Enquirer: 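The structure's right below; bear with me while I get my questions together.
Excluded from the calculations below are hydrogen atoms, water molecules and symmetry mates; all remaining heavy atoms, backbone and side chain alike, are included. Since the model is a prediction, treat every value here as computed from it, not as a measurement.
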Amino acid sequence: MINNLVIVESPAKAKTIEKILGKNFQVKSSMGHIRDLSKNDLSIDTKKNFVPRYSVPPEKKKVVSELKSLVKKSKVVWLASDEDREGEAIAWHLAEELDLKPDKTRRIVFHEITKDAIEEAIENPREINQDLVNAQQARRVLDRLVGYELSPVLWKKIKPSLSAGRVQSVAVRLIVDREREIIGFKSTSAFKISAIFDVKGNKGKKYEVKAELTEKFTGKKQALDFLNLCKSAVFTVENVVKKPSRKSPSPPFTTSTLQQEASRKLGFSVAQTMAVAQRLYEAGKITYMRTDSVNLSNAALDAASELISRAFGEKYGNRKNYKTKSKGAQEAHEAIRPTGLDHETIAGTAAEKRLYELIWKRTIASQMSDAQLEKTTVTIGISNAREKFIAEGEVLKFDGFLKVYFESSDDEPEEDSAGLLPPIEKGMTLIYDNIAATERFTHYPPRYTEASLVKKLEELGIGRPSTYAPTISTIQQRGYVLKEDRPGRERKFSLLVLKNNTIREETKTENTGAEKNKLFPDNIGMIVNDFLVEYFGNILDFNFTAFVEKEFDEIAAGKLVWHKMIAKFYKPFHERVTSTLAKSAVNKGERKLGSDPETGKPVFVRMGRFGPVVQIGEVSAPEKPRYASLRKGQNLESITLEEALELFKLPRTIGKFEDKDMVVSIGRFGPYILHNSAFYSLNRNTDDPYTVEADRAIEIIREKRLKDQTKVLKTFPEDTELSILNGRWGPYIKYRKENYKIPKTTDPGKITYKECLALISNPPARKKGKK
DNA sequence: CAGTGAGCGAGCTTCCGCTTGACTT
């Protein structure tokens, strides 16, 4: 017989709590929700109060039967799931499914896993809050209705297997909207003026001071006029102002801020951060990693302040607890922090170490004092112009939390930060070393990264810590969004430099627009988005979630009946679904670009069976239309007629080699040359299939042939299907179309037929990790 | 591996939010 059975959500949590509670308590986990709407149908009675039909999904059967048998052996069952909407629902589902009798069931909650908090919870049990449970049911039912009624509309009107939902569709919209802003962005340029002045300090020491003009000039002529004025100008220090300023540390990590900082500082993807954090959590190294709370337990605050005084001194400490600012936060857990603050580092993989250290630093810094700075601003007047030069310097007076942590930002890297200024006094006359006018271009708003998208979603109150990573993977899996690198392009800019009383003009080039790991909408994402915005604008509205959340709060407060709220939403929504199915045309993102100058036939782009395609001519016309696939990075909505026609220039016959034609085209694996029924790949980076000429093609063919000659290292008379080949990663065994690795310990030059057979029948174990 | 773009019809796809393993390459 068990006296007390405690059920929590996570097994790692169960282990910790069991240690705290001791022998009289057995602690088990439910592994999250144990029941849900069936995934095969709607499972909601839309005719009768939206009654949900719940069932235990197959993967949860085992947990439930285990819990059932434990319950039978227990005197009292303590439902200790999280104190939020989902946690309350988990407790309720457990009570229902395990058939728990009220007299032997207690509901308890705690926000931190400490002895005090848990003991206090045990002393203050309550009953399941049915209003809160109903708010969760409303959330669940609404999401199911939206997802399972919208998705089939997309299958019929756009493409099978697509999906839509309250969260994912808004995430896609953010990315599509941003891309359109970028496509429509008109970059303008202006001339920024910066000067370097020579300053003589006492003892004749020379310093340089960098200053910037308060105004920019829109044209080169104005910039030139200004530099000409400077030739005869006297520069005088008009003012020196010193001002103290402070920098405060950021709050401890939540899921969202951890994902952002790990992305910026460690280059982790959102999924990677969560996987590493999960391992740290399971190893007992950090607190729970799916949280929206910035709260720290008293024990953690004590430990931090003790550690800070000991390691850095009393004045570095600033004990405080932060308040969450994010919309819809439920704060069922603590912030993400090390469980043992005295461990600055841990044993583990490189990724685990780095993430842990990031969490440690952020937590400690959050309990440290502000950094104090002194900012100096020097205003330099120009005798014959009204503009001023400004030189700025910043000195750190007290480092405070900066001793351990510096937060990164998403913005473009700042130009060299201001440092210490040399001794300058009001009234000094300065002599310029040089004054430069540099043409600078305005930049389009940045594309989202996974982490900055999470940040935006959190600001909008859309999604939860447990869903940020899965949402981002879903919108990529559906093909709505691609995470990609894009090469930049070269751009010319003007530079005018005044030095030694003469002005020199230069044209320079810079690389602009290069992107790394950014989210781009793909054609299908844009089509789906436009369709949803047109027919279901209310759900795609950025405030839709915030609006329904307010109603869920009212349900939780007992002021609103959940199925009435759903009924009010569902009636117009369902009518819209029906009318959209009846009225709207099948949407393939078709767009007419113009007509083909050669034949006069219309030129269209649209989604075809195998992706976006250009079509010349109508299907109904007597002559069959011609087709060409769009290239990677080309969009249905932005491709021009010229670009579309260009696609029909392939395949190109570019000449003869060894009496056979050389034909250039683009296949699944990129551009290639076809010659004498053999394929030769063009170099994606340096060769352009639209312009490549015969000489270069021959060169490529010869290179490939040479490579192939050295490809076969060894053959065996015993079996012609077996050979040792030289591949991209070194020698390998090829046998009947399959490839096999040769271990590093074996010399591929001396390998025998027998050894090969052994490696084929018993290949060395591969590293796991791939699906 | 190097190209597709027809048409019919059956059967399937899909949401968000809790939480971890147990499968194979």
Side-chain angles (χ1 to χ4, degrees), chain A residues 8-14 29-37 39-44 57 59-60 62-63 81-82 84-91 93-94 136 139-156 159-169 275 278 281-282 288-290 330 332 462-471 474 477-478 539 545 588 604 606-615 619 624-629 650-651 663-674 677-682 763 765-771:
Chain A
V8 296
E9 293 178 37
S10 141
K13 200 169 166 179
S29 71
S30 72
M31 312 271 194
H33 276 292
I34 52 141
R35 288 204 311 193
D36 193 14
L37 306 171
K39 116 186 192 338
N40 303 318
D41 54 23
L42 193 64
S43 293
I44 296 167
E59 70 272 17
K60 287 288 160 66
K62 203 175 142 202
V63 184
S81 48
D82 298 344
D84 57 11
R85 204 161 63 200
E86 296 297 328
E88 201 68 15
I90 288 172
H93 281 301
L94 283 168
Q136 193 274 348
R139 199 281 303 155
R140 181 68 191 92
V141 167
L142 178 94
D143 282 338
R144 172 52 69 90
L145 290 170
V146 169
Y148 272 41
E149 293 213 0
L150 277 189
S151 301
V153 178
L154 299 180
W155 305 344
K156 292 192 183 80
K159 210 179 103 171
S161 304
L162 295 176
S163 65
R166 174 177 60 80
V167 173
Q168 59 169 281
S169 296
Q278 175 89 32
Y281 168 67
E282 283 170 9
Y288 196 56
M289 64 285 158
R290 290 186 276 262
Q330 311 224 350
I462 299 173
R464 304 278 312 128
S466 67
T467 60
Y468 295 136
T471 300
T474 300
Q477 261 172 23
R478 299 275 175 273
I539 290 165
T545 292
K588 298 286 175 200
F604 296 100
R606 63 177 173 84
M607 275 316 267
R609 275 207 292 164
F610 310 104
V613 69
V614 196
Q615 179 183 334
V619 179
K624 268 198 163 187
R626 295 171 65 205
Y627 297 97
S629 288
L650 294 180
V663 180
V664 175
S665 195
I666 297 177
R668 257 173 77 187
F669 308 98
Y672 64 92
I673 306 158
L674 180 61
S677 348
F679 294 92
Y680 303 88
S681 288
L682 291 179
R766 281 209 210 172
K767 278 187 191 166
K768 60 178 177 179
K770 265 198 177 173
K771 274 202 174 172

Enquirer: Does B:dT20 have OP1 or OP2 sitting under 4.0 Å from an N or O in the side chain of A:S10?
Expert: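 For A:S10, the contact criterion (side-chain N or O under 4.0 Å from OP1 or OP2 of B:dT20) is met.
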Enquirer: Can you confirm whether the side chains of A:E88 and A:S81 place a donor and an acceptor under 3.5 Å from each other?
Expert: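 Short answer, no.
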Enquirer: Does A:Y680 put a side-chain nitrogen or oxygen below 4.0 Å from OP1 or OP2 of B:dC1?
Expert: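 Checking B:dC1 against A:Y680, no side-chain N or O comes under 4.0 Å of OP1 or OP2.
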Enquirer: Base, sugar-phosphate or nothing for A:R626? Non-hydrogen atoms, less than 4.0 Å.
Expert: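 Nothing, no nucleic acid heavy atom in range.
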Enquirer: For the base of B:dC18, is there a side-chain donor-acceptor partner from A:R464 under 3.5 Å away?
Expert: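 Not at all, since no donor on one side and acceptor on the other fall under 3.5 Å apart.
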Enquirer: For A:Y148 and B:dC15, is the gap between ring centres under 5.5 Å while the planes differ by less than 30°?
Expert: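 It does not: the two rings, one from A:Y148 and one from B:dC15, miss the stacking criterion.
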Enquirer: Are any of A:Q168's side-chain N or O atoms less than 4.0 Å away from OP1 or OP2 of B:dC16?
Expert: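 Answer is yes, contact under 4.0 Å.
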Enquirer: Select base, sugar-phosphate, or nothing to describe what A:V167 touches, counting heavy atoms under 4.0 Å on all strands.
Expert: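 The answer is sugar-phosphate, as A:V167 gets under 4.0 Å only of primed atoms, P, OP1 or OP2.
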Enquirer: Would you check, one step at a time, whether the test salt bridge (Lys or Arg N to Asp or Glu O under 4.0 Å) holds for A:R144 with A:E149?
Expert: CA-CA 8 Å; A:R144 172 52 69 90; A:E149 293 213 0; over 6 Å; no
Enquirer: Answer yes or no: side-chain N or O of A:S163 and base N or O of B:dT14 forming a donor-acceptor pair under 3.5 Å.
Expert: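 Side chain to base: no pair present.
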Enquirer: Check every atom of B:dT13, B:dC18, B:dC16 against the side chain of A:R139 and return the nucleotide holding the closest atom.
Expert: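 Ranking B:dT13, B:dC18, B:dC16 by closest atom to the A:R139 side chain puts B:dC16 first.
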Enquirer: May I ask you to verify if any side-chain N or O of A:S466 is less than 4.0 angstrom from the OP1 or OP2 atom of B:dC18?
Expert: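 Yes, A:S466 has a side-chain N/O under 4.0 Å of OP1/OP2 on B:dC18.
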Enquirer: Nearest to the A:Y288 side chain among B:dG17, B:dA2, B:dT20, which nucleotide is it?
Expert: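 From the listed options, B:dT20 comes nearest.
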Enquirer: Using a heavy-atom cut-off of under 4.0 Å over every strand shown, decide if A:G165 touches base, sugar-phosphate, or nothing.
Expert: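 Sugar-phosphate: the residue A:G165, judged by heavy atoms under 4.0 Å, touches backbone atoms but no base.
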Enquirer: Can you check whether A:R478 has a side-chain N or O nearer than 4.0 Å to OP1 or OP2 of B:dC15?
Expert: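 Yes, A:R478 has a side-chain N/O under 4.0 Å of OP1/OP2 on B:dC15.
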Enquirer: How about A:R626 and A:Q615: does a side-chain donor come under 3.5 Å of a side-chain acceptor?
Expert: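 A:R626 vs A:Q615: no donor-acceptor pair found between side chains.
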Enquirer: What about A:R290, does its side chain sit under 3.5 Å from the base of B:dC18 through a donor-acceptor pair?
Expert: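 No, the side chain and the base share no sub-3.5 Å donor-acceptor pair.
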